[in-house]
Amino acid sequence: FVMACEILFVIFIVYYTIEEILEIGVSRLSYFKKIWNWLDVLMILLSYVAIGFSIYRTMTVGSKLQALLDNPGQYADFEGLGFWQMQYNYMVGVLVFFAWFKIFKYISFNKTMNQLSSTLSKSAKDVLGFCIMFFIVFFAYAQLGYLIFGAQLQDFETFGSSVFTLFRIILGDFDFQAIESANRILGPIFFVTYVFFVFFVLLNMFLAIINDTYSEVKADKTEGADEFHISNYLLKGFETLKEKLRSEER
């Protein structure tokens with residue numbers, strides 16, 4: 001069963017590669033202007049790396065096991081293979097993660113599901129400005145916490161640990177008593193002002209940006225039934241395929 005799934009995966013990747021090559025031939029440089037196409041190329045490259053490593057792993061394990069059977073007293077060193085197996089697992093995890101994001105591409109013909117991507121794209125500039133302001137304030141508090149509590153608290157002993165501690169405070173994971181015991185005056189001031197400015201002010205600004213943009217996107221949507229326009233989606237794919245075939249004939 002596993003081998004059958006691997007063969008189907010290889011066939012799918014080869015077909016997918018041919019389809020993308022034909023699309024590049026039709027679209028030329030405009031192909032690389034869409035983020036989804038870059039994601040497709042990245043997934044294809046990672047898939048070929050995964051296929052190559054799977055073949056290498058099978059051959060290496062087979063040869064080592066055969067050598068071990070021929071000479072039982074010989075030590076079989078699988079340490080290097082184990083290291084690359086871990087890197088392979090990481091790469092497959094990233095590949096599957098991106099594959100899930102491709103679902104947004106194939107459900108974009110639905111009005112309701114398309115609102116999320118439209119909201120994110122329209123609010124990109126405002127969110128970028130917010131992120132600059134947020135990280136200025138955030139890193140200021142991280143540096144302050146490192147300098148005030150670094151010598152006394154393990155959570156602030158380095159600038160990196162101070163950054164992660166402040167992220168934990170946003171999520172509600174904090175030890176106020178330790179901060180207060182480290183400095184009875186600056187500790188409470190640091191904690192209260194950080195929670196006020198970062199949690200109550202900045203995060204609510206972020207939510208307001210997303211909410212306003214979502215309201216604009218929802219207002220821009222034309223009235224109509226909320227349905228999956230599969231016919232239009234398939235028709236568009238058929239027209240694209242016809243263009244690819246015509247370009248090949250030329």
Side-chain angles (χ1 to χ4, degrees), residues 1-28 30-114 116-117 120 226-249:
F1 176 75
V2 175
M3 182 177 294
C5 292
E6 291 177 346
I7 294 175
L8 288 176
F9 176 76
V10 172
I11 294 174
F12 174 78
I13 293 301
V14 171
Y15 168 78
Y16 197 30
T17 304
I18 296 174
E19 183 181 3
E20 293 302 315
I21 292 175
L22 293 176
E23 187 173 351
I24 292 175
V26 173
S27 304
R28 303 294 179 181
S30 61
Y31 172 87
F32 298 99
K33 294 181 180 180
K34 297 180 179 179
I35 187 64
W36 292 116
N37 294 335
W38 281 101
L39 183 61
D40 292 338
V41 173
L42 177 61
M43 291 182 60
I44 289 174
L45 293 177
L46 290 177
S47 298
Y48 278 114
V49 173
I51 293 171
F53 179 81
S54 182
I55 296 174
Y56 166 76
R57 177 186 58 188
T58 302
M59 295 176 61
T60 303
V61 171
S63 62
K64 286 184 177 293
L65 289 179
Q66 186 61 41
L68 185 62
L69 292 175
D70 295 338
N71 188 4
Q74 182 182 0
Y75 173 71
D77 186 11
F78 290 96
E79 183 177 356
L81 187 62
F83 170 78
W84 288 111
Q85 177 65 41
M86 291 298 299
Q87 308 308 313
Y88 171 79
N89 293 339
Y90 299 151
M91 182 190 63
V92 171
V94 174
L95 180 61
V96 174
F97 175 77
F98 286 141
W100 275 102
F101 270 95
K102 278 183 64 65
I103 296 177
F104 287 107
K105 177 181 179 181
Y106 297 114
I107 63 176
S108 60
F109 47 80
N110 178 256
K111 292 181 180 180
T112 302
M113 301 303 296
N114 193 32
L116 174 61
S117 59
L120 294 178
D226 185 15
E227 59 183 3
F228 287 90
H229 302 281
I230 299 179
S231 58
N232 295 334
Y233 183 77
L234 296 177
L235 181 60
K236 182 179 178 181
F238 180 71
E239 294 294 334
T240 304
L241 181 60
K242 286 173 60 178
E243 291 181 2
K244 292 178 182 178
L245 295 176
R246 290 175 183 174
S247 63
E248 287 183 348
E249 292 177 358

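The residues of the chain are indexed from 1 along the displayed sequence.
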For residues 42-53, please give each side-chain donor-acceptor pair under 3.5 Å, one per line with the distance, not counting sequence neighbours.
unit_1, atom_1, unit_2, atom_2, d
Ser47, OG, Met43, O, 2.7
Tyr48, OH, Thr17, OG1, 2.8

| Rounded to the nearest 0.5 Å, how far does CG of Leu95 lie from CE of Met91? |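 If I round to the nearest 0.5 Å, the distance is 7.0 Å.
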| field | Rounded distance [0.5 Å steps], CD1 in Ile18 versus CD1 in Ile13 | value |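 Reported value, rounded in 0.5 Å steps: 11.5 Å.
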| query | For Phe98, what residues pass the ring pair (Phe, Tyr, Trp, His ring centres under 6.0 Å) criterion, not counting sequence neighbours? | reply |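 Per chain and number, Phe98 pairs via ring pair (Phe, Tyr, Trp, His ring centres under 6.0 Å) with no residue.
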| field | ring pair (Phe, Tyr, Trp, His ring centres under 6.0 Å) against Phe12, all qualifying residues, sequence neighbours excluded | value |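 Phe12 satisfies ring pair (Phe, Tyr, Trp, His ring centres under 6.0 Å) with Tyr16 only.
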| query | After noting the C-alpha distance and the side-chain angles of Asn37 and Asp40, does the key distance pass the side-chain contact (heavy atoms from CB on, under 4.5 Å) rule? | reply | CA-CA 5 Å; Asn37 294 335; Asp40 292 338; 4.0 Å; yes
